[in-house]
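All remarks here apply to the structure that follows.
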Amino acid sequence: MLLIPFIKENKEKVIKLLNVKNFKNTEILDNIISFDEARKSTQKKLDETLAKSKNIAKEIGGLFKSGKIEEANAKKAETGTLKELAKTLTEELALLKNKTTDLLLKVPNIPHESVPAGNSENDNETIKTVGEIPKLYDGAKPHWELTDKYDIIDFELGNKITGAGFPVYKGQGARLQRALINFFLDEATSVGFREVQPPLMVNSDSGYGTGQLPDKDGQMYHVGVDDLYLIPTAEVPITNIYRDTIVDAKDFPIRNTAYSQCFRREAGSYGKDVRGLNRLHQFDKVEIVVIEHPDKSYARLEEMSDYVQSLLKKLELPYRVLRLCGGDTSFTAALTYDMEVYSAAQERWLEVSSVSNFESYQANRLKLRFKDENGKTKLAHTLNGSALALPRIVAALLENNQTPDGIRIPKALVPYTGFEYIK
RNA sequence: GGAGAAAUGGCAGAGUGGUCGAAUGCGGCGGUCUUGAAAACCGUUAUGGGUCACACCAUCGGGGGUUCGAAUCCCUCUUUCUCCGCCA
């Protein structure tokens, strides 16, 4: 959520920047401001009423102590109207607060100044492209044929057991998954991330904390009997470790990494883009999450981007880095870099990582704060990124490294797979 | 699943109806002393709303209630602990 005082003081700027994200409903900002004004004046009235009742209660206490029972009982009568007034004001206040929060939840994060305007992926800005696009031999296949040929990922079997988008990894395919997970975790911990294993289900407070709720309600699997959500990314439980906390500024940057399975309903997706490993309901990902001082969050974002790129280099995959345009930047992010690897057989780029700075947008919902050098409590900045998501990495590895003799495993991974070729 | 007990500040732990936002100890921070440190001593040390700053208001697991007045009494939910059962 944006901070109301910030909206008030920078209204024109906020409107302008939200426009970059194609958010046009700017009268909502005026409503937020006026609801907040009403909230303040109601709060003031309530405080005054409560102060009066409190004083009378104290007086009555004193009278009872000194034995003036009759006077005390007479005083009691005075409190009736105050009580009623307080009740009405409390209800009004709660209503105003709810209305304000509801509206605030509908306002996306404002984008960073560097975010280009635009509506779709075509407007994203390519920052750099690294690596050679491989030339495949005649007869090279897309990954969904390779997985059959080598019997390593079984989509049909997943259909039978669960449904579309829940593949079964088998043999060398399963081993490759485990190798990638261990490789990514080892790399992350070696550059200073602490490894954690969070729950795969979260409550709705956590969902609101990181912004999946209410924005992406329909995209998460909801376990109704216990009112829990299957996580769409480990970002949710990891970041919520710090919900309702005041961290020590000396601990910045706070870096955590976790492997988790991720669950996404992907309602509304269809077509060739979802073929094979391109889009799954359950997939594996290693996530990195950083909590940082506001002054340093953008430097940290660059560092995280560099780190993700280092993984892609070690995996010998050609990739490009995009700065997402306003329309493609998520609801909660201020600036997002996407890393895409080139899939030679599909002849297209596949998104394998998103690295984002959320500034204080998540922190405000999370109540994630720190004390600055003057002892003032301030909101921290949160950042996260995939490092990396497995399915499309696997797709690209299979397609780009296919040879007539099998699929070559990149050198960096061989210690983890225990084999050099999938045959 | 059954029975019982409990939930208080960073931690430990008092407080069972009135000036309690809350004793005390530990820890943290600042100071005195010291060449420096330790010890000792003094001070300080929750969060949110509100204010230029005060005042003031809210918060003792969450929600509701009783009362002029609730950390304290009642209801409810959640969590934790102990015992029994069950499972590994």
Side-chain angles (χ1 to χ4, degrees), chain A residues 1-9 32-105 198-199 201-209 213 222-229 237 240-252 254 291 360-380:
Chain A
M1 290 193 290
L2 299 178
L3 289 162
I4 295 173
F6 179 82
I7 296 176
K8 241 189 219 174
E9 283 162 34
I32 288 170
I33 292 169
S34 64
F35 277 137
D36 190 56
E37 295 294 342
R39 191 216 92 227
K40 270 192 198 174
S41 75
T42 307
Q43 178 83 61
K44 201 176 166 194
K45 279 185 223 160
L46 176 62
D47 286 356
E48 282 164 5
T49 310
L50 290 174
K52 277 185 206 164
S53 321
K54 245 180 134 167
N55 280 328
I56 293 175
K58 280 182 188 173
E59 281 176 41
I60 293 174
L63 290 171
F64 272 123
K65 269 197 179 162
S66 50
K68 298 173 182 166
I69 310 290
E70 274 182 33
E71 270 184 62
N73 284 328
K75 275 265 175 205
K76 283 190 192 178
E78 287 181 32
T79 61
T81 49
L82 286 175
K83 250 183 132 177
E84 237 168 83
L85 182 59
K87 202 181 166 190
T88 316
L89 288 170
T90 305
E91 282 165 8
E92 255 175 58
L93 189 65
L95 194 69
L96 284 166
K97 279 185 181 172
N98 284 341
K99 277 186 181 172
T100 313
T101 308
D102 285 350
L103 292 181
L104 271 176
L105 288 173
M201 288 194 191
V202 294
N203 56 32
S204 60
D205 282 348
S206 293
Y208 278 100
L213 291 174
H222 181 226
V223 183
V225 274
D226 290 311
D227 192 19
L228 295 172
Y229 294 85
N240 273 281
I241 292 173
Y242 301 95
R243 172 154 49 86
D244 284 321
T245 55
I246 298 178
V247 300
D248 195 330
K250 281 184 296 216
D251 295 336
F252 285 143
I254 299 172
I291 294 160
S360 61
Y361 191 88
Q362 287 185 328
N364 189 28
R365 290 194 185 186
L366 292 158
K367 302 282 168 274
L368 197 190
R369 295 151 296 168
F370 70 100
K371 292 231 192 266
D372 71 6
E373 50 288 348
N374 301 319
K376 276 203 135 190
T377 309
K378 283 189 175 163
L379 292 172

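Note that this is a predicted model, so its numbers are computed, not measured.
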message: The criterion is ring pair (Phe, Tyr, Trp, His ring centres under 6.0 Å); which residues satisfy it with A/Y242, sequence neighbours excluded?
response: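 Result, ring pair (Phe, Tyr, Trp, His ring centres under 6.0 Å) vs A/Y242: none returned.
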- request: Applying ring pair (Phe, Tyr, Trp, His ring centres under 6.0 Å), name anything that partners A/F252, two or more places apart in sequence or on another chain.
  value: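 Ring pair (Phe, Tyr, Trp, His ring centres under 6.0 Å) list for A/F252, sorted by chain: A/F370.
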message: I need the residues from residues 56-63 of chain A with at least one non-hydrogen atom less than 4.0 Å from RNA chain B; give them sorted by number, or say none.
response: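 Within this stretch, A/A57, A/I60, A/G61 sit under 4.0 Å of the strand.
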- request: Mind running a 4.0 Å heavy-atom check of residues 76-86 of chain A against RNA chain B and sending the residues that fall below it, in number order?
  value: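 RNA chain B contact set from residues 76-86 of chain A: A/K76, A/T79, A/K83.
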- request: Identify, with sequence neighbours excluded, every residue that meets side-chain hydrogen bond (donor to acceptor under 3.5 Å, both in side chains) alongside A/K87.
  value: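 side-chain hydrogen bond (donor to acceptor under 3.5 Å, both in side chains) check on A/K87 returns nothing, list empty.
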message: Restricting to side-chain hydrogen bond (donor to acceptor under 3.5 Å, both in side chains), what partner residues turn up for A/D227, sequence neighbours left out?
response: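 For A/D227, the residues satisfying side-chain hydrogen bond (donor to acceptor under 3.5 Å, both in side chains) (neighbours in sequence not counted) are A/H222.
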Salt bridge (Lys or Arg N to Asp or Glu O under 4.0 Å) with [X]: which residues, sequence neighbours excluded?
| X | result |
| --- | --- |
| A/D244 | none |
| A/E84 | none |
| A/E91 | none |
| A/E92 | none |

query: Which salt bridge (charged side-chain N to carboxylate O under 4.0 Å, His left out) pairs, counting each pair once, include a residue from residues 38-58 of chain A, with sequence neighbours left out?
result: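 Output for this query lists A/D36-A/R39.
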With 3.5 Å as the limit, what N/O pairs link the protein to nucleotides 54-61 of chain B?
residue : atom : partner : partner atom : Å
B/C57   : O2'  : A/D47   : OD1          : 2.9
B/A58   : OP2  : A/K54   : NZ           : 2.9

